[in-house]
Amino acid sequence: MNILVTGGLGYIGSHTVVELIENNYEVIIIDNLSNSELFILDNIKKITGVKPKFYNEDLLDLNKTNEVINKHDIDGVIHFAAFKSVSESIKYPLKYYRNNLLSLINILRSMDENNISNIVFSSSCTVYGQPDKLPVSENAPFKKAESPYSKSKQISEQIIEDFVNSNDNISSISLRYFNPVGAHDSGMIGELPIGIPDNLVPYITQTAAGIRDELSVFGNDYNTSDGTAIRDYIHVVDLAKAHLMAIKRLNNSKKKNIFEFFNVGKGTGFSVMDVINSFEKINNIKLKYSFKDRRDGDIEEIYSDVTKSKNILKWQAEKNLDDMMSSAWKWQKYLK
Ligand code: NAD
Ligand code: UD1
């Protein structure tokens with residue numbers, strides 16, 4: 001079975017490509033290397049023994065996208081390609097709307113023209129904003145998006161829903177990721193943050209590696225057990241496996257015209273201090289950190305209700321926080 005993976009050299013895409021290859025899928029990647037590097041392709045080969053077909057093309061070019069798709073008999077698409085920095089999206093909203101929305105529209109058009117039915121889409125828990133109830137389930141309404149990035153995910157899900165409603169041949173599953181962290185056990189693929197990381201775990205690993213002087217813990221006066229904010233961290237390998245379950249579900253379904261969405265989290269909240277303590281303990285490293293004011297725009301607490309994913313997608317996370325922190329450090333040491 002041939003699966004087109006857009007953004008397949010990126011952080012989550014590359015881990016999903018590995019899982020697909022290990023489950024005997026043929027993988028075709030389109031990635032314009034705007035936020036990834038070619039050595040990841042070689043490392044996928046080192047891990048799996050297979051070098052997937054790779055096209056360095058921009059999805060904003062519909063003709064080129066069609067050319068790639070025409071060359072292969074594609075059975076399904078997993079669409080990762082997008083820009084993902086919340087802070088950058090606030091600075092450059094048009095850049096974000098253009099890339100994230102037009103690449104999706106082009107993929108959907110190309111699927112339609114080439115008679116491809118199934119797409120798995122990378123969404124985010126950010127579509128919920130600050131939810132009223134925890135754990136947050138898929139029934140929670142979309143709140144006002146806090147950034148153009150978040151809005152691009154809300155709009156993308158709506159574009160897909162409208163397209164599925166208008167076209168009997170299209171089916172889709174959106175996966176709403178919570179906080180993906182960690183790396184492959186081999187330590188040869190992982191997240192490549194550009195510049196100074198915004199996210200907690202790359203900041204921790206870069207501090208441990210001596211690239212950053214000190215980690216700032218944003219806020220220790222939240223209404224949580226240790227005062228630091230709570231998130232639902234999910235190991236990227238567990239997350240990659242959810243994509244396999246989603247593409248299988250679409251490809252095996254007798255029902256046509258599916259539009260579904262699932263939370264992909266661990267279902268457990270960890271505080272910033274839980275993450276730091278786990279990193280220090282499992283890697284036997286003392287981390288330099290200090291408490292600072294809360295970061296603008298941060299919410300106090302969010303974690304997922306994963307009942308629907310367990311029951312319908314037949315998926316649940318297996319790896320624990322220590323696995324996330326040990327693999328993240330292994331990857332950082334590989335990069336260093
Ligand atoms: P990433 O930046 O590592 O990977 C995205 C890949 O897409 C990159 O390799 C980039 O070069 C490629 N790309 C971007 N625009 C493209 C275009 N126009 N044409 C071709 N290739 C293009 O990001 P990631 O962390 O792997 O995230 C993957 C998806 O998951 C994104 O849609 C992101 O918004 C979503 N997501 C990520 C997180 C997270 O924390 N990493 C959380 C929730 C949702
Ligand atoms: C951010 C994005 C979210 C995206 C997610 C991907 C925002 C507002 N949200 O979520 O859309 O899906 O990344 O993983 O940017 N922290 C520190 N020190 C740091 C960095 C972070 O204390 O140097 C704290 C934060 O205040 C937060 C927690 O660590 O409480 C997690 O932060 P981060 O990794 O940036 O993720 P989110 O803010 O949850």
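Below, all heavy atoms of this structure are taken into account, side chains as well, without hydrogens, waters or symmetry copies. Residue indices begin at 1 and follow the sequence shown. Atoms within each ligand, like the ligands themselves, are counted from 1 in listed order.
Taking atom 24 (C) of ligand 2 as the reference point, the nearest protein heavy-atom neighbour is Val272 CG2, 3.8 Å. Looking at atom 39 (O) of ligand 2, its nearest protein heavy atom turns out to be Arg231 NE, 2.5 Å. At the top of the distance list for atom 38 (O) of ligand 2, counting protein heavy atoms only, stands Arg295 NH2, 2.8 Å. At the top of the distance list for atom 7 (C) of ligand 2, counting protein heavy atoms only, stands Val86 CG2, 3.7 Å. Of the protein's non-hydrogen atoms, the one nearest atom 22 (O) of ligand 2 is Phe218 N, 2.9 Å.
Residues with a heavy atom under 4.0 Å from ligand 1: Gly7, Leu9, Gly10, Tyr11, Ile12, Asp31, Asn32, Leu33, Ser34, Asn35, Ser36, Glu57, Asp58, Leu59, Phe80, Ala81, Ala82, Lys84, Asn99, Ser122, Ser123, Ser124, Tyr149, Lys153, Tyr177, Pro180.
Every atom of ligand 2 is numbered from 1 in the order shown, and the set under 4.0 Å from a heavy atom of Leu215 is 23 (O). Residue Thr126 approaches ligand 2 through these ligand atoms, each under 4.0 Å from one of its heavy atoms: 11 (O). Using a 4.0 Å cut-off to heavy atoms of Asp198, the atoms of ligand 2 that qualify are 20 (C), 35 (O). Which parts of ligand 2 touch Ser216 is read off a 4.0 Å heavy-atom cut-off, strictly below it: atoms 17 (C), 18 (N), 19 (C), 22 (O), 23 (O). Atoms of ligand 2 lying under 4.0 Å from any heavy atom of Ala229, numbered from 1 in the order shown and given with element: 30 (O). Ligand 2 places these atoms under 4.0 Å from at least one heavy atom of Ser124: 12 (O). Set against the non-hydrogen atoms of Val217, the atoms of ligand 2 under 4.0 Å away are 22 (O).
Side-chain atoms of Val237 and Asp185, non-hydrogen and from C-beta on, never get closer than 4.5 Å to each other. Residues Tyr96 and Ser85 meet the side-chain proximity criterion, which asks for heavy atoms closer than 4.5 Å. Ser117 is listed as a side-chain neighbour of Lys256, based on a closest heavy-atom distance under 4.5 Å. Counting heavy atoms from C-beta on, the side chains of Ile78 and Phe121 never come closer than 4.5 Å.
At a heavy-atom cutoff of 4.0 Å, ligand 2 is contacted by no atom of Val201, backbone or side chain. The part of Tyr233 lying near ligand 2 is the side chain, judged by heavy-atom distances below 4.0 Å. At a heavy-atom cutoff of 4.0 Å, ligand 2 is contacted by both the backbone and the side chain of Asn199.
By the ring pair (Phe, Tyr, Trp, His ring centres under 6.0 Å) test, Tyr233 pairs with no residue at all, sequence neighbours left out. In this structure Lys310 satisfies the salt bridge (Lys or Arg N to Asp or Glu O under 4.0 Å) test with no other residue, sequence neighbours excluded.
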Could you please spell out the steps behind the side chain to side chain contact (heavy atoms under 4.5 Å, CB included) verdict for Val120 and Ser172? CA-CA 6 Å; Val120 176; Ser172 161; over 6 Å; no

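Salt-bridge check for Arg294 with Asp221: passed, with a basic side-chain N closer than 4.0 Å to an acidic carboxylate O. At a threshold of 4.0 Å, the pair Asp213-Lys288 does not count as salt-bridged, since none of the basic side-chain nitrogens sits closer than that to a carboxylate oxygen. Using a 4.0 Å cut-off between charged nitrogen and carboxylate oxygen, Arg176 and Glu138 do not count as a salt-bridge pair.
In terms of polar-atom proximity, Ser150 is not counted as a contact of ligand 2, lacking any N or O under 3.5 Å from an N or O of the ligand. Ligand 2 has a nitrogen or oxygen under 3.5 angstrom from a nitrogen or oxygen of Asp298.
There is no protein heavy atom less than 4.0 angstrom from atom 4 (C) of ligand 2.
Between the side chain of Glu157 and the backbone N or O of Ser152 there is no donor-acceptor pair closer than 3.5 Å. Although no hydrogens or angles enter the test, the distance criterion places no donor-acceptor pair under 3.5 Å between the side chain of Lys241 and the main chain of Val236.
A side chain to side chain donor-acceptor pair (under 3.5 Å) with Thr205 is found for one member of Lys333, Gln332, Lys336, Arg212 and no other, namely Gln332.
Two rings, from Tyr55 and His72, have their centers less than 6.0 Å apart.
In this structure, of Val127, Asn179, Ile234, Thr207, the residue bringing a heavy atom nearest to atom 14 (O) of ligand 2 is Asn179. Selection from Asp296, Asp232, Val275, Leu200 by nearest heavy atom to atom 34 (O) of ligand 2 gives Leu200.
Within 6.0 Å of the CD atom in Glu26, the count of heavy atoms belonging to other residues, nucleotides or ligands does not exceed 12.
For residues 75-90, the pairs satisfying salt bridge (Lys or Arg N to Asp or Glu O under 4.0 Å) are Lys84-Glu191, Glu88-Lys95, with sequence neighbours left out.
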